[in-house]
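One structure is given here, and the rest of the page talks about it.
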Amino acid sequence: MPKFAANLTMMFNETSFPERFVAAARAGFEAVEFLFPYEHRSADVARWLKDNALFNALFNMPPGDWAAGERGLASLPGREEEFRAGVATALEYAKALGTPCLHAMAGLLPAGADRAAHRVVYVENLRYAARALAPHGITLTIEPINPRDMPGYFLTTQAEAHAIREEVGEPNLKVQMDFYHVQVVEGDIATKLRRYVEHVGHIQIASVPARNEPDDGEVNYRYLFRLLDELGYGGWVGCEYRPRGRTEDGLGWLKTLCA
């Protein structure tokens with residue numbers, strides 16, 4: 001049975017962010033992930049984790065101005081210094097929280113942008129970040145995101161993500177495989193998982209098309225969970241979905257899909 005981490009940005013939204021740690025532990029989760037911790041002091045987040053015996057599997061590096069619509073800096077020419085400052089900030093949080101994996105969001109391509117120029121910046125920034133994280137035993141991930149949910153996002157397919165991973169050439173750079181995004185963009189999840197699992201640093205799940213609990217929609221998660229076990233995937237599976245109602249009321253899938 002895979003190891004599941006509750007995504008506290010999307011789950012348990014009935015409560016405040018600090019209270020979600022309590023709710024996740026009460027629901028039986030041993031790990032959590034979230035988009036960003038930066039609105040809170042690292043010491044406070046570390047305490048919420050410790051008090052609830054929770055492990056923090058993943059969070060994202062600073063994405064730029066999220067409220068203004070920015071979705072990452074890693075591929076944006078002219079923002080290199082800001083990206084590097086974000087690496088330092090994320091690293092300090094990761095050390096305080098004991099987080100083994102950080103995700104660098106690529107960013108959005110402006111209309112008419114030179115994609116090749118963005119790719120050069122992306123590769124250089126990822127190489128810098130991976131090398132900064134490596135001495136601390138931290139994995140850097142990149143994630144293809146579907147253009148329906150995030151129009152203009154630089155990275156959308158597993159093949160391109162792995163090509164960039166190879167080009168960067170740093171052993172602690174892995175690809176984040178969100179089955180929801182894979183299905184929306186290209187499908188054939190199981191074949192892609194078999195092909196790339198060695199280089200997958202984190203997995204996330206949600207139903208397709210509604211992005212709710214994984215016991216609904218067009219993806220056969222019972223099969224995919226068995227496949228993860230068959231392939232020996234030992235990482236965390238982040239539950240990055242929007243609950244249909246109260247989070248606790250929708251957690252029956254943890255038993256029905258993993259039996």
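The shown structure was predicted, so the numbers you read here are calculated from the model rather than taken from an experiment.
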Evaluation steps, side chain to side chain contact (heavy atoms under 4.5 Å, CB included), between Asn7 and Val32: CA-CA 6 Å; Asn7 186 296; Val32 296; over 6 Å; no
Closest contact, heavy atoms only, Ala94 versus Phe59: N-CZ, 3.7 Å
Check against salt bridge (Lys or Arg N to Asp or Glu O under 4.0 Å), Arg131 and Glu170: CA-CA 7 Å; Arg131 290 175 178 176; Glu170 297 297 327; 2.8 Å; yes
Whether Ser207 side chain and Pro214 backbone form a donor-acceptor pair below 3.5 Å: no
Side-chain donor-acceptor pair present, Asn13, Arg20, cut-off under 3.5 Å: yes
Derivation of the side chain to side chain contact (heavy atoms under 4.5 Å, CB included) call for Asn125 and Leu73: CA-CA 9 Å; Asn125 277 336; Leu73 302 172; over 6 Å; no
Short side-chain to backbone donor-acceptor contact, Gln204 and Phe179, under 3.5 Å: no
same_hphob_cluster(Ile203, Tyr196) at 4.5 Å side-chain heavy-atom cutoff: yes
Salt-bridge criterion met for Asp65 and Arg71 (N-O under 4.0 Å): no
Ala104 versus Leu126, closest heavy-atom pair with distance: CB-CD2, 4.2 Å
Closest non-hydrogen atom pair between Cys239 and Ala6, with its separation: CB-CA, 4.5 Å
Residues which pass salt bridge (charged side-chain N to carboxylate O under 4.0 Å, His left out) with Glu230, listed by chain and number, not counting sequence neighbours: Arg194
Distance (rounded to the nearest 0.5 Å) between Leu76 CG and Glu70 CD: 7.0 Å
Verdict with reasoning, Phe154 to Arg119, per side chain to side chain contact (heavy atoms under 4.5 Å, CB included): CA-CA 9 Å; Phe154 177 83; Arg119 183 185 173 105; 3.9 Å; yes
Non-hydrogen atoms of His40 and Tyr93 that approach each other most closely: O-OH, 2.7 Å
Thr15 (side chain) donor-acceptor with Phe12 (main chain) under 3.5 angstrom: yes
Pair Arg127 + Glu124, salt bridge at N-O below 4.0 Å: no
His103 side chain near Met105 side chain, heavy-atom distance below 4.5 Å: yes
Output field: ring centroids Phe83/Tyr128 closer than 6.0 Å: no
Modelled atom types, side-chain donor and acceptor of Asp149 and Tyr180, under 3.5 Å: yes
Salt bridge present between Glu240 and Arg211 (N-O < 4.0 angstrom): yes
Centroid-centroid under 6.0 Å between Phe17 and Phe36 rings: no
Minimal non-hydrogen separation, Lys192 against Val182, with atom names: CD-CG1, 3.9 Å
Donor-acceptor contact present, side-chain Ser75 to main-chain Tyr122, <3.5 Å: no
Indicate every side-chain donor-acceptor pair of residues 132-145 with a distance under 3.5 Å to a residue at least two apart or in another chain.
from	atom 1	to	atom 2	distance (Å)
Thr141	OG1	Gln176	OE1	2.8
Glu143	OE1	Gln176	NE2	3.3

Between Asn56 and Thr99, a side-chain donor and acceptor under 3.5 Å: yes
From OH (Tyr233) to CG (Leu224), nearest 0.5 Å: 13.0 Å
Test: Arg244 and Glu213 ion pair at under 4.0 Å: yes
Salt bridge (charged side-chain N to carboxylate O under 4.0 Å, His left out) contacts in which one or both residues fall within residues 88-115, not counting sequence neighbours: Glu92-Lys95, Arg115-Glu160
Aromatic contact, Phe4 with Trp253 (centres under 6.0 Å): yes
